[in-house]
Amino acid sequence: MSGSGSVALLQPIPKTAILYAMTKDGSKPKQDNKAQQYGVTPQSVDFNDWYNEVVKKSDLADHSPVAGAMVVRPYGTALWENIQRGLDERFKATGHQNLLFPTLIPMSFIMKEADHVEGFAPELFTVSKIGSDVLAEPYVLRPTSETIIGHMWSGWLNSYRDLPFLHNQWGSVFRAELRTKPFLRTSEFFWQEGHTAHASEAEARHEVRQQLDEYHNFCRDVLALPVVRGEKTASERFAGAENTYSIEGMMRDGKALQSGTSHYLGQNFSRAFEVKFQTKEQREEFAYTTSWGLSSRIIGAIIMTHGDDFGLMMPPRIAPIQVVIVPIGQKDNFDEMVVQGEILASELRRLGLRVRVDGREGVTNGFKYNDWELKGVPVRLELGPRDLESGVVVVKNRNSTHKETLPRAEAVAGMPERLETIHHWLYQRASDFLLENTISVDTYDEFKAAIEAGKWVRAFHCGDPESERQIKEETKATARNIPFDDSEFFAEPEQGVCVHTGKPAAYGKRVLFGRQY
RNA sequence: CGAGGCGUAGCGCAGGCCGGUAGCGCACUUGGUUUGGGACCAAGGGGUCGCAGGUUCGAAUCCUGUCGCCUCGACCA
């Protein structure tokens, strides 16, 4: 990070920052041993370092020996599994079915749709040999599965009565990345790709919008992430799509992260793969297809939207551990307090909560507190002999510095609601942040200044891809999307002239611009 | 893939220019004292210096190549 601009967006620095007093020569200060061992670089000092250290020290993920490929560790996998479960239920509730396609796709398939080839060619991994035998036709590791699914669909589809196909696949895809960042940029990443085929354009378009809304709702209601729904401009469109829609989230450094996409593919892929059917009127027609995806990148969004200088803040509804209990004891009664902690845990588990008792010996309580705060566990309970005697527990929320001492029964019974409160607190904070750091501008100077300050900008644009390209070159900002009229953010229809070219604005509303991951 | 930086114990680093077979802090193990916000004392264990070649009697150190990580750029989710 440049160190200017977006730093200003960050919240006041808590006491950990004291460990990082600047050195005389202005170089990045060395951490003292404590900070080096346990803490993370504050967001305001270096957001990039903060991100890398949080990911690593919270045990979410690690680097692998393979360029650009990460290892998702158990804590990160538990998080991803919770996300998968939540989304999968939603997909099933709207009639989608899961299936599984091969990771290997014949090279010729990728070549069949012109825009698709052009879009993905530079990042394809190619398998050209088996053992020492050279393959007549190489395979590629799927960068996405439209082509092979289209190929199979053509064999499954005869009549309009067969439609719609409402399919989804959980898996991973490969797009060569030369720069790695866990969860954000990796050569292999984990996702779900939905693929549907319909008998009419209207039905396909409805599906595209429905699934984008599903992502939006899931982000808002489960991950506590505010995201802006809208359509991508032509230059940001998926390779082979007629229209691409996205949800965009704002990270705490002010950058945008595309957190999910949904594409209306029209008949582009069905033409290329002969996905056709006989209509009621006995005509032959190509199917209208869609695809939509949300990837493990969303974990990066969770980290960078909710995290603070102490580490992660897990949204309670998908937190792998919702409540951690730290038993307080001395040598003679420690084991007993761990048992008591388990009893308390079972009371919470009866309410359906995910609870962990930290019975580690040989580390101090303070160490445990900091450790679980780094991992973002929403609520911590401390249970010591005195608490046990007087029937209370000490409760501390991850998003607060206050400790409360509550009657045990009340603390237990109130836990689900407490977690809900934290969920809403996280959403509100992120939502306020997004709104506070987005401004409308009408001149290019204002535009540049706002982007430089790390903000999102709402501005009129003429729609010319070349102008977008120049804006990107000059400011590093791109059109994130054109927000929908009916989304909760930035919906007002307006008229104006292009902030860059002065030509009449396209779209009938302001376009959202920002720097991006 | 272009420019730059880096790779020495689990983590963070020193040593390298002036080759002689490795050191510090934290972590780890054991014992003791501690324990309600990142404990302390003592005694220990652990690396052949990313990998592969080369130069040399001898390479962490010099040379070449390669792999990986970080930053900026290009590309992308």
Side-chain angles (χ1 to χ4, degrees), chain A residues 1-3 15-16 19 28 30-39 41 46 48-49 51-53 56-57 62-70 118-124 143-144 172-191 193 232 235-236 238-239 244 246-249 256-261 263 292-301 310 326-334 337 360-374 380-388 392-394 396 401 403 405 472-473 476 478 516-517:
Chain A
M1 223 173 94
S2 65
K15 62 186 176 188
T16 45
L19 300 169
K28 191 155 75 183
K30 295 287 183 203
Q31 304 173 3
D32 71 14
N33 285 328
K34 282 263 164 45
Q36 195 178 85
Q37 195 60 38
Y38 306 119
T41 300
D46 191 317
N48 251 308
D49 284 353
Y51 182 85
N52 288 329
E53 289 170 20
K56 189 136 190 187
K57 293 185 176 184
D62 204 350
H63 287 282
S64 78
V66 179
M70 65 175 164
E118 195 182 333
F120 284 110
E123 42 187 353
L124 290 178
T144 177
S172 67
V173 285
F174 298 81
R175 298 176 190 179
E177 265 308 330
L178 298 155
R179 295 186 58 201
T180 308
K181 207 161 184 193
F183 299 115
L184 299 178
R185 296 164 164 282
T186 49
S187 286
E188 178 179 11
F189 58 91
F190 306 91
W191 78 346
E193 48 179 321
K232 286 291 196 183
S235 52
E236 298 281 324
F238 173 75
T244 287
S246 74
I247 52 173
E248 303 282 335
L257 183 71
Q258 183 177 118
S259 304
T261 52
H263 315 290
W292 26 277
L294 184 144
S295 76
S296 45
R297 194 175 217 209
I298 198 75
I299 291 175
F310 295 99
V326 178
I328 310 293
Q330 255 96 82
K331 179 166 240 168
D332 54 337
N333 62 1
F334 183 76
M337 290 315 301
R360 282 179 293 177
E361 294 183 68
V363 287
T364 62
N365 300 314
F367 179 92
K368 291 178 182 178
Y369 301 160
N370 286 285
D371 193 33
W372 293 113
E373 281 167 11
L374 174 64
R380 180 182 79 234
L381 298 181
E382 299 166 26
L383 181 65
R386 295 203 299 272
D387 304 317
L388 198 61
V392 299
V393 292
V394 174
K396 184 182 171 300
T401 53
K403 284 189 186 185
T405 301
K472 183 178 180 185
E473 193 174 302
K476 294 181 187 157
T478 54
Q516 69 294 144
Y517 277 99

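If you're wondering where the values come from, they're calculated on a predicted model, not measured in any experiment.
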Check your understanding: Is there a donor-acceptor pair under 3.5 Å between the side chain of A/Ser64 and the backbone N or O of A/Val66?
Key -> yes

Exercise for review: May I have the distance from A/Asp46 (atom CG) to B/rC72 (atom C1'), rounded to whole angstrom?
Suggested key: 13 Å

Point to revise | Pairwise C1' distance, B/rC13 and B/rG7 [rounded to whole Å] | key: 12 Å

Review point. Mind checking who B/rG44 pairs with, Watson-Crick or G-U wobble, both distances under 3.5 Å?
Key: B/rC28

Exercise for review: Could you measure between the two P atoms, the one in B/rU61 and the one in B/rG16, and give it in whole Å?
Suggested key: 13 Å

Point to revise | side-chain N/O A/Asn48 vs B/rU71 OP1/OP2, d < 4.0 Å | key: yes

Exercise for review: Specify the separation, in whole Å, of atom CD1 of A/Ile328 and atom P of B/rU34.
Suggested key: 18 Å

Review point. Which is true for A/Pro182 with a 4.0 Å heavy-atom rule: it touches a base, it touches only sugar-phosphate, or it touches nothing?
Key: nothing

Check your understanding: Looking for any heavy atom pair under 4.0 Å, which part of the strands does A/Gly362 touch: base, sugar-phosphate only, or nothing?
Key -> nothing

Review point. What integer number of Å spans the C1' atoms of B/rA9 and B/rG5?
Key: 24 Å

Point to revise | Closest-nucleotide ordering on RNA chain B, the 5'-leading residue of A/Glu473 and A/Glu382 | key: A/Glu382

Review point. Now, which nucleotide makes the Watson-Crick or G-U wobble pair with B/rU33, with each of the two distances under 3.5 Å?
Key: B/rA39

Practice item. Give the rounded distance in Å between these two atoms: CZ of A/Arg360 and C1' of B/rC28. Key: 15 Å

**Study point:** Pi-cation contact, A/Tyr517 with A/Lys181 (under 6.0 Å, within 45°)
**Key:** no

Point to revise | A/Glu373 with A/Lys396: basic N within carboxylate O range, under 4.0 Å | key: yes

Point to revise | Carboxylate-amine/guanidinium contact A/Arg175 A/Glu177, below 4.0 Å | key: no

**Study point:** Listed partners of A/Phe238 passing ring-ring contact (aromatic ring centres under 6.0 Å, His included), at least two apart
**Key:** A/His116, A/Phe120, A/His263

Point to revise | Length of the line joining A/Lys396:NZ and B/rG38:C1', which is rounded to integer Å | key: 14 Å

Check your understanding: Base, sugar-phosphate, or nothing for A/Leu257, non-hydrogen atoms under 4.0 angstrom?
Key -> nothing

Exercise for review: Classify the nucleic acid contact of A/Glu248 as base, sugar-phosphate or nothing, counting any heavy atom under 4.0 Å across all strands shown.
Suggested key: nothing

Check your understanding: Just checking A/Thr186: base, sugar-phosphate only, or nothing, at a heavy-atom cut-off of under 4.0 Å?
Key -> base

Exercise for review: Starting from C1' on B/rC69, measure out to OH on A/Tyr51 and report it in whole angstrom.
Suggested key: 16 Å

Exercise for review: Using the C1' atoms only, state how far B/rG32 lies from B/rG36, rounded to an integer number of Å.
Suggested key: 23 Å

Exercise for review: Using only heavy-atom distances, decide whether a donor-acceptor pair under 3.5 angstrom links the side-chain of A/Lys403 to the base of B/rG37.
Suggested key: yes

Check your understanding: How would you label the contact of A/Lys56 with the nucleic acid (heavy atoms, under 4.0 Å): base, sugar-phosphate, or nothing?
Key -> nothing

Review point. RNA chain B: A/Phe334 or A/Lys472, which has the more 5' nearest nucleotide?
Key: A/Phe334

Practice item. Calculate the interatomic distance between A/Lys368 atom NZ and B/rG36 atom P; express it in whole Å. Key: 11 Å

**Study point:** Whole-angstrom distance between B/rG37 and B/rG25, as gauged at atom P
**Key:** 28 Å

Review point. Is there a Watson-Crick or G-U wobble partner for B/rA3 with both distances under 3.5 Å, and if so, which one is it?
Key: B/rU71

Review point. Any salt bridge between A/Glu361 and A/Lys331, counting N to O under 4.0 Å?
Key: no

**Study point:** Nearest-Å distance once atom C1' is located in both B/rA14 and B/rC6
**Key:** 15 Å

**Study point:** Whole-Å P distance, B/rC18 and B/rC1
**Key:** 34 Å

Review point. To the nearest angstrom, how far is A/Asp371 atom CG from B/rA27 atom C1'?
Key: 13 Å

Check your understanding: Once you round it to whole Å, what is the distance between P of B/rU33 and CD of A/Gln330?
Key -> 13 Å

Exercise for review: Would you classify A/Val363 as touching base, sugar-phosphate or nothing, given that sugar-phosphate means primed atoms plus P, OP1 and OP2, and contacts are heavy atoms under 4.0 Å?
Suggested key: nothing

Exercise for review: Scan A/Gln258 against the nucleic acid and name what it touches under 4.0 Å (heavy atoms): base, sugar-phosphate only, or nothing.
Suggested key: sugar-phosphate

